[in-house]
*Asks:* 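Okay, handing you the structure first.
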Amino acid sequence: MSDRKIRVRFAPSPTGPLHMGGVRTALFNYLFAKKQGGDFILRIEDTDQTRYVPRAEKYIIESLNWCGLNPDEGPGIGGNFGPYRQSERKAMYKAYAEQLVESGWAYYAFDTAEEIDSLRKEAEANKETFSYGIATREELNNSIKLSETEVQQKIDAGENYVIRFKMPANEDVTEIDLIRGRVTFNTTKSLDDKVLFKSDGMPTYHLANVVDDHLMEITHVIRGEEWLPSMPLHVLLYRALGWEETQPKFAHLPLILKPVGKGKLSKRDGDKLGFPVFPLEWTDPKTGDVSKGYREEGYFAEAFINMLAMLGWNPGNEQEFFSLDELTKIFSLERVVKSGSRFDPEKAKWFNKHYFQQKSVEELTKLFKVVLAEKGVEATDEKTTAVVAEIKERCHFVSELWEQGYYFFKAPTEYDTKTVKKRWKEDTPEKLREIVALFSSVNNWSAETLKEVFSVFMNEKEWGFGAIMNPLRLSLVGGNLGPDLFVICHLLGKEETLARINFAIENIKK
Ligand code: GLU
């Protein structure tokens, strides 16, 4: 085992958009493999056709690519262990299910869905739960109860059947989970006879998953905690198929918890609390409902990845910022915690702010120009760059550059009523006219010169500073916001500054 190449897989089912918890699973797999020079494989587990959602696979691949978690093998990528979509491997599974029937580890079951349903209802009426397994299978419609001839007759008659795993009775299945340590399940107490092969000719998750992990030479299965209860069945399947020697090691990742309250972060929490739970925006193909994505909300992939890495893992010191490359160097499963980690949307923003601030003015300008184009705003590169440099520090997102700086590109036509009420006095228009006259005479239109000229003028006039500064700001930006007033004047340019003040004088009415 020790000299095998490390190979891990991320094995999502294309049943909808990838949840951020799924991205974290992919991330931890990726980091684990890359740290050790191993392979990171994408396998699409699409055996449950009733839950198949078109475009989900494309979404999954696009999400991984956005995050920089590029698989070494997978659908559309290739590799020596393909195909990487289980539906395309369909023909391989049946033989393994039959092998298990022959060796006595599995059996045919002919019970119809209605029969099982009525057994379930009957049990419920007695306040019990029906389980197809050790306690019940001998009385049911299967190859354990029926004679060989009866079974053959049914098969020949084309009756539908499934193949079920025959759980051995009263055995403690123990396995070392790399995160949780020793885990033991008792077969009689907690396990039923799971279906391995369905009547539609498809394997179930359990069979396909184990067969593929074996055939793809997977060395470590790193997945969410919700799969922990499946581990004993999988361990028994390796045993039953004679693959114990190369059975992968297991690591079950802790849950990501809701920001408030109890329980796991669900797809619906995002809508309720206003943050994305998906990496990319997703449009439901049936309902047309749109769910927010981190990418579209303006998060940088670096920030999203960094934030996810810290959910359930820590470096053992105070450092919080890590690039994907750095994570690749220091990640280890030993530092993954056992208990769930609470997701904090504010922290996600905080991470984004960090990466936002790290970007150069040029990079941000490039991104901001896309926003300006969407708003139908035309501006010179010089002005856009200057505005970005000025307001960058206040922002977490590229979109905030607009929220914090739109007035540099669009003259106000409406004015904040509260500020007008408080700051616009009877004599304000008259005073502002004098400011227009003053500013008209300034030729060197820099913030410093304007400030100086203005100060000298104000000292002479002995007007209160606020009496002018506030209405002036109101005229230029429409409200009580923005950086230094003279910086605003400078960035707007002389003509625009004067035009805005004149427009305000004409249009602001108490
Ligand atoms: N197809 C399973 C899922 O959707 C994979 C679980 C596993 O990694 O074994 O999560």
Side-chain angles (χ1 to χ4, degrees), residues 6-33 38-53 56-61 63-64 69 71 73-75 81 83-90 93 165 175 177-180 183 185 194-196 198 202-238 241 243 247-256 264-267 277-279 282 308 312 333 336:
I6 300 287
R7 287 174 57 81
V8 299
R9 83 307 191 265
F10 176 52
S13 300
T15 54
L18 191 57
H19 184 266
M20 58 194 262
V23 183
R24 189 196 57 170
T25 301
L27 172 66
F28 285 10
N29 271 286
Y30 175 91
L31 296 176
F32 181 81
D39 296 328
F40 169 61
I41 292 132
L42 173 65
R43 183 172 74 224
I44 298 293
E45 301 209 324
D46 56 351
T47 54
D48 188 349
Q49 310 216 298
T50 58
R51 297 181 62 215
Y52 181 82
V53 173
E57 177 186 315
K58 195 167 161 266
Y59 178 96
I60 291 166
I61 294 174
S63 300
L64 294 181
L69 307 176
E73 298 167 28
F81 299 83
Y84 293 92
R85 248 179 234 115
Q86 287 185 328
S87 57
E88 290 167 20
R89 304 169 66 80
K90 190 176 164 189
Y93 304 110
F165 189 70
E175 185 61 30
D177 180 277
L178 296 177
I179 294 167
R180 270 140 230 283
V183 186
F185 288 86
K194 285 275 181 283
V195 173
L196 300 177
K198 295 178 284 187
M202 276 288 202
T204 58
Y205 156 71
H206 300 292
L207 182 69
N209 187 270
V210 165
V211 166
D212 285 348
D213 282 349
H214 173 74
L215 297 179
M216 293 182 179
E217 297 181 9
I218 298 302
T219 56
H220 295 79
V221 168
I222 304 169
R223 60 187 174 192
E225 188 180 278
E226 64 274 29
W227 300 104
L228 186 63
S230 298
M231 183 169 71
L233 170 62
H234 294 184
V235 169
L236 288 170
L237 277 170
Y238 283 102
L241 289 160
W243 298 337
Q247 179 200 301
K249 293 195 184 330
F250 291 93
H252 289 90
L253 304 173
L255 295 177
I256 299 180
K264 138 177 181 187
L265 180 70
S266 80
K267 298 192 175 181
V277 284
F278 301 118
W282 167 259
L308 282 181
L333 286 176
V336 173

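Being a predicted model, the structure only gives us computed values, none of them experimental. In listed order, ligands and their atoms are each counted from 1.
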*Asks:* With distance as the sole criterion, is a donor-acceptor pair present between the side chains of D212 and Y84 under 3.5 Å?
*Replies:* no

*Asks:* Within the structure provided, determine whether L237 and L196 are in side-chain contact (heavy-atom separation under 4.5 Å).
*Replies:* yes

*Asks:* If we only count heavy atoms from C-beta on, is the W243 to V211 side-chain gap below 4.5 Å?
*Replies:* yes

*Asks:* Tell me, do H19 and L265 make a side-chain contact under 4.5 Å, heavy atoms counted?
*Replies:* yes

*Asks:* Aromatic rings H234 and F250: how do their planes relate, parallel, tilted or perpendicular, breaks at 30° and 60°?
*Replies:* tilted

*Asks:* For K198, check salt bridge (Lys or Arg N to Asp or Glu O under 4.0 Å) against everything at least two apart and list the hits.
*Replies:* none

*Asks:* May I have a table of the N/O to N/O pairs between ligand 1 and the protein that fall below 3.5 Å, each row giving the two atom names and the distance to 0.1 Å?
*Replies:*
{"unit_1": "ligand 1", "atom_1": "1 (N)", "unit_2": "A11", "atom_2": "O", "d": "2.8"}
{"unit_1": "ligand 1", "atom_1": "1 (N)", "unit_2": "S13", "atom_2": "OG", "d": "3.0"}
{"unit_1": "ligand 1", "atom_1": "1 (N)", "unit_2": "E45", "atom_2": "OE1", "d": "2.7"}
{"unit_1": "ligand 1", "atom_1": "4 (O)", "unit_2": "S13", "atom_2": "N", "d": "3.3"}
{"unit_1": "ligand 1", "atom_1": "4 (O)", "unit_2": "S13", "atom_2": "OG", "d": "3.2"}
{"unit_1": "ligand 1", "atom_1": "8 (O)", "unit_2": "R9", "atom_2": "NH1", "d": "2.8"}
{"unit_1": "ligand 1", "atom_1": "8 (O)", "unit_2": "R9", "atom_2": "NH2", "d": "3.4"}
{"unit_1": "ligand 1", "atom_1": "9 (O)", "unit_2": "R9", "atom_2": "NH2", "d": "3.0"}
{"unit_1": "ligand 1", "atom_1": "9 (O)", "unit_2": "Y205", "atom_2": "OH", "d": "2.7"}
{"unit_1": "ligand 1", "atom_1": "9 (O)", "unit_2": "N209", "atom_2": "ND2", "d": "3.1"}
{"unit_1": "ligand 1", "atom_1": "9 (O)", "unit_2": "R223", "atom_2": "NH1", "d": "2.9"}
{"unit_1": "ligand 1", "atom_1": "10 (O)", "unit_2": "W227", "atom_2": "NE1", "d": "3.3"}

